[in-house]
Amino acid sequence: MDKFHYVLTAFLELGSGFQEAIEEITRRMGAGMAKFICKEVETVDDYDEYCHYVAGLVGIGLSRLFHAAGLEDLAPESLSNSMSLFLQKVNITRDYLEDINETPKSRMFWPREIWSKYVDKLEDLKYEENSVNAVKCLNEMVTNGLIHTEDCLRYMSALKDIAILRFCAIPQVMALATYALCYNNVNVFRGVVKMRRGLTARIINETNSMSDVYTAFYEFSSLLEEKIDENDPNASLTWKYVNAIKESCKSSGMLKKRGYDLDRPKRNPAMTVMLLLLLVALLLGALYGR
């Protein structure tokens, strides 16, 4: 706040279209976040509402800025909202342990309507004796987030500017990859679950068109599908959303073959032999060079 005058100066230098969008979204966000100061996230509707205030309004605001710049058509608020809810829900799901261990007071964003099916208190999910129920709860949280994926694909498919598409698409692809990594993974309750840096670099480098987006969404949803346990209480719903993603991507007719892998890359025996031979040649060259 001591340097707010810099923010104000920058704001006043913007065009009226940008100012109006920022002013309205900031007002709506402030009012919404204030509502949750003394309000817990009890129901799934509360969860959606909270995510709308802290993230969905950002997406709506960005869409208005893209439009004010003359680069994009104005997207429907529902699609803009879904884009940001998807990202926010991924973060809330992945960051369970960090949030629940926050001092002096835990941050609790998982809706009681979901976690109360599995434990008496939200913090009980982190204890090893509750691992089976914790994973079931986690899978329901992931399944809830997948609701937004088709809206995300619709939003991105309407974008015209390549720079804006990459700006929007890279976080979306990384979010779906993170969900695939977290799904059915008890390590979410043991520590930090993150994608490999190499996979992150590939996503950034290879997400340059809507074809790349469809390909990544198809492959990461397929990787998530491989982890679905038919005995999971939400398995049929998870399959429903995953299949909807895959069908949307296939129907685009724009799929490529990338071969994304959530695990560490498998070693290539031929490459290992070549590297060993190269190392031997370098050593022999150094010896005979003397």
Side-chain angles (χ1 to χ4, degrees), residues 36 39-48 50-51 54-55 85-149 174-200 203 219-242 260-267:
F36 276 88
K39 177 181 172 64
E40 297 290 336
V41 180
E42 296 284 345
T43 67
V44 171
D45 286 343
D46 289 340
Y47 184 42
D48 286 346
Y50 172 77
C51 290
V54 301
L85 258 64
F86 184 56
L87 300 181
Q88 183 67 16
K89 288 184 175 183
V90 170
N91 289 337
I92 286 174
T93 303
R94 180 198 60 198
D95 295 340
Y96 164 83
L97 192 64
E98 179 184 341
D99 289 340
I100 207 70
N101 287 337
E102 180 74 15
T103 56
K105 183 181 179 182
S106 297
R107 291 182 292 187
M108 295 187 283
F109 303 118
W110 288 30
R112 181 186 296 272
E113 184 179 339
I114 289 179
W115 62 256
S116 63
K117 301 175 188 177
Y118 306 98
V119 286
D120 294 328
K121 295 183 292 185
L122 182 58
E123 57 265 33
D124 290 346
L125 293 171
K126 69 181 181 180
Y127 300 124
E128 194 167 346
E129 61 266 27
N130 296 321
S131 293
V132 173
N133 278 346
V135 169
K136 291 177 181 177
C137 183
L138 168 65
N139 291 348
E140 184 166 350
M141 288 291 292
V142 172
T143 301
N144 174 272
L146 293 176
I147 293 170
H148 306 289
T149 49
M174 292 178 67
L176 185 55
T178 299
Y179 259 161
L181 187 62
C182 290
Y183 185 84
N184 218 36
N185 187 351
V186 74
N187 290 322
V188 170
F189 305 99
R190 305 289 177 263
V192 180
V193 175
K194 287 186 178 181
M195 289 190 301
R196 296 181 287 108
R197 290 181 181 178
L199 178 57
T200 300
I203 290 171
E219 293 202 7
F220 285 122
S221 60
S222 297
L223 290 170
L224 192 157
E225 183 180 27
E226 292 173 4
K227 300 169 70 177
I228 299 175
D229 181 351
E230 63 180 13
N231 295 315
D232 185 89
N234 290 281
S236 59
L237 195 56
T238 311
W239 266 311
K240 174 186 174 181
Y241 294 136
V242 166
Y260 289 119
D261 194 339
L262 293 172
D263 300 318
R264 293 195 176 278
K266 299 175 178 62
R267 288 189 174 86

Do you know the tightest heavy-atom contact between [X] and [Y]?
X	Y	value
L122	Y96	O-OH, 2.8 Å
P111	T43	CB-O, 3.6 Å
K227	A180	NZ-O, 2.7 Å
F86	G145	CD1-O, 3.4 Å
C51	I92	SG-CD1, 3.9 Å
I203	A177	CD1-CB, 4.3 Å

Does the side chain of [X] reach to within under 4.5 Å of the side chain of [Y], using non-hydrogen atoms?
X	Y	answer
M174	M195	yes
Y118	N130	no
K89	M141	no
C137	I114	yes
Y241	T143	yes
L97	I100	yes
Q88	V54	yes
V242	F220	no

- Item | Presence of salt bridge, R196 and D261, under 4.0 angstrom |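 Here D261 does not pair with R196 in a salt bridge, since their nearest N and O are not under 4.0 Å apart.
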- Query: Of the options K121, E42, E40, which is the one that meets R112 in a side-chain contact (heavy atoms from CB on, under 4.5 Å)?
  - Reply: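 It is E42; the other options fail the test.
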- Is the side chain of D46 donor-acceptor paired with the backbone N or O of V41 at a distance under 3.5 Å, no angle test?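 Checking the backbone N and O of V41 against the side chain of D46, no donor-acceptor pair under 3.5 Å is found.
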- Using the six-membered ring wherever Trp is involved, compare the ring planes of F36 and Y50 and label them parallel, tilted or perpendicular (cut-offs 30° and 60°).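 Aromatic pair F36/Y50 classed perpendicular.
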- Item | Distance-only polar pair, side chains of N234 and K136, donor-acceptor under 3.5 Å |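 No donor-acceptor contact under 3.5 Å links the two side chains.
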- Task: Apply the test side-chain contact (heavy atoms from CB on, under 4.5 Å) to residues N101 and S106: give CA-CA distance (whole Å), side-chain angles for both, the deciding distance (0.1 Å), then the verdict.
- Result: CA-CA 6 Å; N101 287 337; S106 297; over 6 Å; no
- Query: Would you say K240 has more than 12 foreign heavy atoms packed within less than 6.0 Å of its NZ?
  - Reply: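 No, because the 6.0 Å sphere around NZ of K240 holds 12 heavy atoms or fewer from other groups.
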- Other residues, nucleotides, ligands: >12 heavy atoms within 6.0 Å of E129 CD: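 Count over threshold, so yes.
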- Message: Under the criterion ring pair (Phe, Tyr, Trp, His ring centres under 6.0 Å), I'd like the reasoning laid out for F109 against Y47: C-alpha separation, chi angles, the key distance, then a yes or no.
- Response: CA-CA 7 Å; F109 303 118; Y47 184 42; 8.9 Å; no
- How long is the span from the CG atom in D124 to the NZ atom in K126, to the nearest 0.5 Å?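 One finds 9.5 Å between CG of D124 and NZ of K126.
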- Task: Measure the spacing between CG of L224 and CG of L176 and express it to the nearest 0.5 Å.
- Result: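 Reported to 0.5 Å precision, the distance equals 7.0 Å.
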- Message: Can you list everything that forms a side chain to side chain contact (heavy atoms under 4.5 Å, CB included) with L138? Sequence neighbours excluded, please.
- Response: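 Applying side chain to side chain contact (heavy atoms under 4.5 Å, CB included) to L138 gives T93, W110, V142, V188, F189.
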- Can you list every pair that meets side chain to side chain donor-acceptor pair (under 3.5 Å) and has a residue in residues 177-195, with sequence neighbours left out?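 Counting only pairs at least two positions apart or across chains, the side chain to side chain donor-acceptor pair (under 3.5 Å) contacts touching residues 177-195 are S131-R190, N139-N184, N185-N187.
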